[in-house]
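Quick note on labels: first sequence line is chain A, next is B, and so on, each numbered from 1. If you're wondering where the values come from, they're calculated on a predicted model, not measured in any experiment.
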Number of protein chains: 2
Amino acid sequence: MFMKVVIIGAVAGGTSAAAKVRRNDENVEIKIFDMDYDISYSGCGLPYYIGEEIGNRDELTPRNAEFFKKKYNVDVFRRHEVLKINSEDKVLTIKNLDTNNVFNEKYDKLVIASGARSIILNIPGVEKSNVFYLRNVKQADKIKEYIMKNKPKSVVIVGTGFIGLEMTENLKNIGIKVTLVERFNQVTPGLDEDMAVYVEKYLKSKDINMILGDSVVRLKGEEIVNQVVLQSGKTIDTDFVVMSIGVKPNTELAKEAGIELGINGSIKVNKKMMTNIKDVYACGDCAESYSIITGKPLYRPLGSTANKMGRIAGDQLSGGNLEFRGILGTGIFKIFDMTVAQTGITEREAISEGYEPVICHNIKTDKPEYYHGKEMIIKAIADKNTGKLLGVQIVGYTGVDKRIDVFITAITFGAKVEDLFHLDLAYAPPFSTTKDPVMYTGMILDNAINRGRKLITPDELNKLIENKSDVTIIDARVNKQYEEVHVNNAINIPHDQIREKADELNKEKIIVTYCNKGVTGNAAQNILINKGFKKVYNISGGHKNYKAQTK
Amino acid sequence: MFMKVVIIGAVAGGTSAAAKVRRNDENVEIKIFDMDYDISYSGCGLPYYIGEEIGNRDELTPRNAEFFKKKYNVDVFRRHEVLKINSEDKVLTIKNLDTNNVFNEKYDKLVIASGARSIILNIPGVEKSNVFYLRNVKQADKIKEYIMKNKPKSVVIVGTGFIGLEMTENLKNIGIKVTLVERFNQVTPGLDEDMAVYVEKYLKSKDINMILGDSVVRLKGEEIVNQVVLQSGKTIDTDFVVMSIGVKPNTELAKEAGIELGINGSIKVNKKMMTNIKDVYACGDCAESYSIITGKPLYRPLGSTANKMGRIAGDQLSGGNLEFRGILGTGIFKIFDMTVAQTGITEREAISEGYEPVICHNIKTDKPEYYHGKEMIIKAIADKNTGKLLGVQIVGYTGVDKRIDVFITAITFGAKVEDLFHLDLAYAPPFSTTKDPVMYTGMILDNAINRGRKLITPDELNKLIENKSDVTIIDARVNKQYEEVHVNNAINIPHDQIREKADELNKEKIIVTYCNKGVTGNAAQNILINKGFKKVYNISGGHKNYKAQTK
């Protein structure tokens, strides 16, 4: 008798698992059951379907059940809900949602790829018909239909993660006024606050309303919601509401079957994607991942990770040896012309994990200015003790996706900050600067960690100032720039005068240098250190970053 | 007494060395001598200056002598030719080209960054005033001036390396008809021939004349050249000529001083950028590099490498410990909307270096098709014995620069093909596909090397056919596609029929499968292998690549 594999869920993880099993073995019987009507869809494309970037709905669901039968000899049963997993007898109880027929299905190996669903706030009004979520194609259809029918002029989007912001762009692009509500004091809470300010500033320039540090407590309206009430008492009139405050894994079924759960209620799996129960695997948005950096469990459901996990589960249960190597917690999104990307851990997380993080903010253009280069700011976090990169966040316009992928690759291979300078990256003016921003980031951190060129973040400097520490702040820019605006209490010694004027300064005092973005500040710092000054710090990201951090 | 560093050459290598010395040490005396008037210019920007992408000449030379004095306390002497290096007495003989004054200059440490110059063919007519080269700003000025004054309608560009092709784009863009002459049988001789065909086809579509496998033997014309005569006897009428057949290092001075030369006549240096003579360093386009892949010497002069070498030389001679880690031989250029990039070694080089290369051609879009993704073809070369990536060539339109940089980073850290799938690269529809093309490339090669899913290149298949080998070729596409065009002697078994029809095939014979780009061909291959077939190969890059290779 041939082995029979049953898979619960036919989106990214489940279909990847099925395809991999078939690639490895012609003889296995493979069945997939999914509650939904749409299968194997691109969840990440949904905001663009609503924003009409994607014209044809079929582009979101390129693969139907027939495709899986023909190509992989896999039977996909849509609109079938698995009611129970009996792992002792290896049998599932399944209900056909169209006929209400309930039947049993035996398996030899089971893959749970039941995905995740939107978190629903427990507040009055959430049940109203113009309160939307965006997890699957049906929900996207509903939003689209509502917009077409009712031509709404305004929306409140709750939550400023990447789905919330992608929806912001797409709804704004079709002429709807957007108000964002975020319970944290910053947008995109996955970023460190000092990077989120750049996103916030940009959103403001795009005429997006933002209410930060406030929560939705009530959705008011008779038939439909027409007002959102916040914790602070503030109210916002709106034509509809999009909730994007995160997702939670669909693991109730697994839990009832005695399968061990982990972080955020996701299914605990080992590197072979095996659960604690024999012959039961899990993958995709319902499964726990772990961080390459810390080695600790991490729940960061994404289509790309689901695909990986599915392929690994499929390989393992059909005799292969692929193992999951964890994730960096990478994320990227576009919001209008801006790209926001991150990988690894944040400064916040680095501190709470007990690292001694060294931080740099590197402001550089992605290409030469003469070739339309645009500025990006790279925040990189390295471990002082090992010199290894721990995480990177980038906010910019063009070329951000390239730099994050290079950082990701470097971090995956355990790169130390000094390795980045040596990369023989591809240079020509249409693509990069002679030294790529990635290389510069490495040089700055190498100088800070290994060569005594320490950096000070705007936040750290403000704390020094607040504590009335005895610190000399040197603005190394030309006088005109200094006159315009400068750090409080800073004195102006333009870089080309520092050589002569250094002798007037106290070598034992803390000195902070800065320029616009950091390069000339570092040059001034070099001169002072080479002249015997002991405690010289350069402002990370220069005055440009300092100013951005001062609300 | 303070140390005195003298540097010959003030472009990328020399100025990088100077800046690094100063960053390390305030007290060193630093002097740079350069024959040229323009210093520290962006050589790579020159084609775009001619094509008017760069409007302002100053953007090419953002840093003048005053800048180096002010910022780095470095004295730059332009229009000064070093006539002789006396390394015994540590003294240079230098001529001021403006005054003809000749003087001696002592040094404690010397850096030779004398660059490279265009190779000039030894044929009649090369001395004419409308025969141009493109190495420095002055030459670019001359071309620009000639174009403005004479409004030429046609140009012959000799050589199809990246300068030749960048000039092609830029001259075509200002309305000049371009004919390319290349002595090899392919364009961009740095690429493998099977990748060059994609560039060639694109150039044809852009109405660029190409004459391949032919050499220029004479430039005819009375006062100026108006006809180019080729080895074959062919003649081309033209209004001017651009020669871009490569560069050679400026190392006569070094050679006379007893400094050891290496590959292509470049200066031999160790990882500290030291020459064989004490206290004499070399860096930039005059210095020898070496390959990270083979460990062997390599001469591949580029601005990015010159910058690296300069920084390392400067660090070493001022007490630092930076060491050069070699290059991958990375190159990238844009030609109209196409991007061509490569890194590491080619298939050709892999064979001649004694590797047993495994080749894949991976045709994928850089983004989902619903998000305007465009196809690129990635040729990757891996070592069968170690599973390590040896080199990559990519031809495509958007996102090519990102993929090559990810490959570069992976190769630098010694990536094996199976590592690529595990990368947690940044995915969202505006930036990538769920599995990035880089990951797919790794999966294809992993399958070929470690999982018995062997590939056959179009070239290898054609040899099998020519040798009348007993091979069954299966076109796994739908019948309609097969009917349109297929590989000679191929039979049509659409993928969804292979399961049933497999039994009709001989399991011991060589079988070659293919589809359009490779994915379904691989699926067919999987089925046959899983059904016990022993020798099944999938065409690398599918019929699309096969067709491209058939001229």
Side-chain angles (χ1 to χ4, degrees), chain A residues 12 23-26 42 44-45 48 53-54 59 70-71 73 162 292 302-305 307-308 325 327-328 330-334 341 343 368-371 401-402 404-406 408-410 412-413 415 421-432 434-435 495-496 499 523 526-527 530-531, chain B residues 12 23-26 42 44-45 48 53-54 59 70-71 73 162 292 302-305 307-308 325 327-328 330-334 341 343 368-371 401-402 404-406 408-410 412-413 415 421-432 434-435 495-496 499 523 526-527 530-531:
Chain A
R23 286 193 194 99
N24 283 350
D25 194 328
E26 259 309 297
S42 166
C44 311
Y48 302 96
E53 186 81 47
I54 299 174
E59 296 188 87
K70 272 187 151 181
K71 180 146 184 181
N73 190 22
F162 59 83
I292 295 173
L302 278 179
S304 46
T305 304
N307 270 318
K308 272 196 196 79
R325 298 189 188 172
I327 58 171
L328 284 171
T330 302
I332 191 167
F333 65 88
K334 169 175 133 48
T343 195
E369 276 167 48
Y370 67 71
Y371 210 96
D401 61 322
K402 172 160 85 175
I404 202 74
D405 275 0
V406 172
I408 285 163
T409 308
T412 302
F413 287 97
F421 161 71
H422 295 278
L423 291 173
D424 185 19
L425 297 172
Y427 165 62
F431 306 104
S432 171
T434 330
K435 283 197 200 81
H495 166 250
D496 59 8
R499 287 195 170 84
N526 284 331
I527 293 170
N530 289 335
K531 281 180 174 289
Chain B
R23 286 194 194 97
N24 283 350
D25 194 329
E26 259 310 297
S42 165
C44 310
Y48 303 96
E53 186 82 46
I54 300 174
E59 295 188 86
K70 272 186 150 181
K71 180 145 185 182
N73 190 22
F162 58 85
I292 296 174
L302 279 178
S304 44
T305 304
N307 269 317
K308 273 197 195 79
R325 298 189 188 173
I327 58 171
L328 285 171
T330 302
I332 191 168
F333 65 89
K334 170 174 133 44
T343 195
E369 275 167 50
Y370 66 71
Y371 210 97
D401 60 322
K402 171 160 85 173
I404 201 75
D405 274 0
V406 172
I408 286 163
T409 308
T412 302
F413 286 98
F421 162 71
H422 295 278
L423 291 172
D424 186 19
L425 297 173
Y427 165 62
F431 306 105
S432 171
T434 330
K435 284 197 199 80
H495 167 252
D496 58 8
R499 287 195 171 84
N526 285 330
I527 292 171
N530 289 334
K531 281 181 175 287

Interatomic spacing from [atom1] in [X] to [atom2] in [Y] - rounded to 0.5 Å:
| X | Y | atom1 | atom2 | value |
| --- | --- | --- | --- | --- |
| A:Asp405 | B:Leu425 | CG | CG | 4.5 Å |
| B:Lys308 | A:His422 | NZ | NE2 | 9.0 Å |
| A:Lys531 | B:Asp25 | NZ | CG | 10.5 Å |
| A:Tyr427 | B:Asn307 | OH | CG | 8.5 Å |
| A:Thr409 | B:Leu423 | OG1 | CG | 5.0 Å |
| A:Asn526 | B:Glu26 | CG | CD | 8.5 Å |

Problem set entry | A:Thr434 (side chain) donor-acceptor with B:Gly303 (main chain) under 3.5 angstrom | no
Is it the side chain or the backbone of [X] that comes within 4.5 Å of chain A heavy atoms, both, or neither?
| X | value |
| --- | --- |
| B:Ala12 | neither |
| B:Ala410 | both |
| B:Ile527 | both |
| B:Tyr371 | side chain |
| B:Tyr48 | side chain |

Exercise. In this structure, are over 12 heavy atoms from other groups packed under 6.0 Å from B:Lys70 atom NZ?
Worked result: no
Exercise. CZ of A:Phe162: more than 12 outside heavy atoms within 6.0 angstrom?
Worked result: no
Exercise. Does the side-chain contact (heavy atoms from CB on, under 4.5 Å) test come out yes or no for B:Asp401 and A:Lys402, once each step is laid out?
Worked result: CA-CA 8 Å; B:Asp401 60 322; A:Lys402 172 160 85 175; 2.8 Å; yes
